Amino acid sequence: MTGVERTMEAGWSAWWRRWPCWVARAAVLWAVLYAGFGLVCALSGTSLLYQGGDSGASGLGWAVVAVGALAMVVSAAVVQYGLPPALRVLLWAVCGLAAITAFSLLMDVITLTLGQGVDSWASDVNKALAAVGAVLLAATARSDRRPGGTAVREPSAAPRLVQRAAWTGTLAFVPYAAMKLVWASGGTFAGITGQEMLAASERNGASGIFLALESWGLDPTALLAALGVFLLWGLVRPWGQVFPRWTLFLRGRRVPRWLPLAPALLGAATLAPYGVVGGADT
């Protein structure tokens with residue numbers, strides 16, 4: 001690593017450690033951008049809620065303007081007056097609204113990654129902006145809680161009881177993996193053949209990449225299940241605390257807490273509403 005690279009890395013690390021000092025201002029800038037985006041969509045009649053080709057619900061743009069304006073006022077108040085309890089409550093409330101707006105963003109990212117396209121670019125931009133805002137507002141609400149001077153413990157494996165829980169979580173994926181393997185090998189599971197699953201996906205407009213992965217038993221849900229198992233073991237093994245040697249440039253550095261938690265929370269926030277709605281319909 002050259003001297004310039006070391007200087008840049010040191011500057012970036014120092015800037016990142018000072019996030020409590022600048023995150024509220026970043027939240028103000030986001031709020032201005034988000035409110036402006038909602039205003040443009042509202043005045044142009046652009047729908048931010050995809051409804052199977054229906055262009056209705058363009059009035060949602062005014063709701064985005066309201067959320068952005070409220071976030072701007074609250075974040076600016078934090079910059080000016082600090083973080084009293086009342087402002088913290090308001091920050092968490094607006095953060096919740098932004099998180100609800102970002103619902104299904106993960107599903108949209110997956111479909112876009114697999115080359116299937118998106119149903120509405122305006123809707124997806126709205127969700128992405130809302131997700132960024134939820135993170136900034138949550139960080140602003142915690143910006144007065146600076147880390148203490150506690151010593152950093154050496155990485156170690158979790159107790160045996162906790163590792164057994166990880167094994168339980170891993171084994172819970174086995175029936176799902178078996179179902180995918182049966183379909184990929186041309187068998188029948190629950191009265192449905194692998195060919196029928198492929199035909200249904202093709203009728204629904206799945207891309208070639210999606211169909212190829214599904215034919216191998218590796219559709220996005222299977223890949224996400226594998227990611228879930230990986231994250232699960234990262235929480236109980238030393239390599240989940242310090243980057244191992246196979247991570248090349250990152251090896252030896254401590255794993256930030258947000259790195260394993262962010263995908264877990266994003267996945268839970270995306271999938272939980274489906275379970276709630278599905279349970280209410282049964």
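Only a predicted model underlies this, so the values are computations on that prediction, with no experimental measurement involved. The first residue of the sequence shown is numbered 1, and numbering continues consecutively from there.
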Which donor-acceptor pairs under 3.5 Å do side chains of residues 69-78 form with protein atoms, sequence neighbours excluded?
{"from": "S75", "atom 1": "OG", "to": "A71", "atom 2": "O", "distance (Å)": "2.8"}

Using the rule that two of Ile, Leu, Val, Met, Phe, Trp, Tyr join whenever any of their side-chain heavy atoms come within less than 4.5 Å, decide whether V125 and V40 are in one cluster. no
Specify the closest pair of heavy atoms between A102 and A131, including all atoms of both residues, with the distance to one decimal. CB-N, 3.8 Å
Using every non-hydrogen atom in the two residues, find where L91 and T140 come nearest and quote the distance to one decimal. CD1-CG2, 3.7 Å
L33 reachable from L137 in the ILVMFWY side-chain graph, under 4.5 Å edges: yes
To the nearest 0.5 Å, atom OG1 of T188 lies from atom CD of Q195 at 10.0 Å
Aromatic ring centroids of F230 and W239 under 6.0 Å? yes
Considering non-hydrogen atoms only, spot the tightest contact between R142 and W92 and give its length. CG-CZ2, 4.0 Å
Same hydrophobic cluster for V67 and L90, using side-chain heavy-atom links shorter than 4.5 Å among ILVMFWY? yes
Distance, nearest 0.5 Å, that separates CH2 of W22 from CG of L136: 7.5 Å
Over all atoms of both residues, closest heavy-atom pair of V64 and G38: CG1-CA, 3.6 Å
Are L87 and V94 grouped together when hydrophobic residues (ILVMFWY) are joined by side-chain heavy atoms under 4.5 angstrom apart? yes
Group every Ile, Leu, Val, Met, Phe, Trp and Tyr by side-chain heavy-atom contacts under 4.5 Å, then state whether L97 and V28 land in the same group. no
Search all heavy atoms of A157 against all heavy atoms of P238 and return the closest pair with its distance. N-CG, 3.7 Å
Quick one: side chain to side chain donor-acceptor pair (under 3.5 Å) pairs with a partner in residues 31-45, sequence neighbours left out? Y34-N126, S44-T46
Any side-chain to backbone donor/acceptor pair from Q163 onto V236? Under 3.5 Å, distance only. no
Run the numbers on V255 and Q241 for side-chain contact (heavy atoms from CB on, under 4.5 Å), then give the verdict. CA-CA 5 Å; V255 177; Q241 304 169 43; 5.7 Å; no
Expected output: side-chain W233 to main-chain T170 donor-acceptor under 3.5 Å: no
If every non-hydrogen atom of A141 is compared with every non-hydrogen atom of L83, which pair is closest and at what distance? O-CD2, 3.4 Å
With rounding to the nearest 0.5 angstrom, report the CG to CG distance, L129 to D124. 11.0 Å
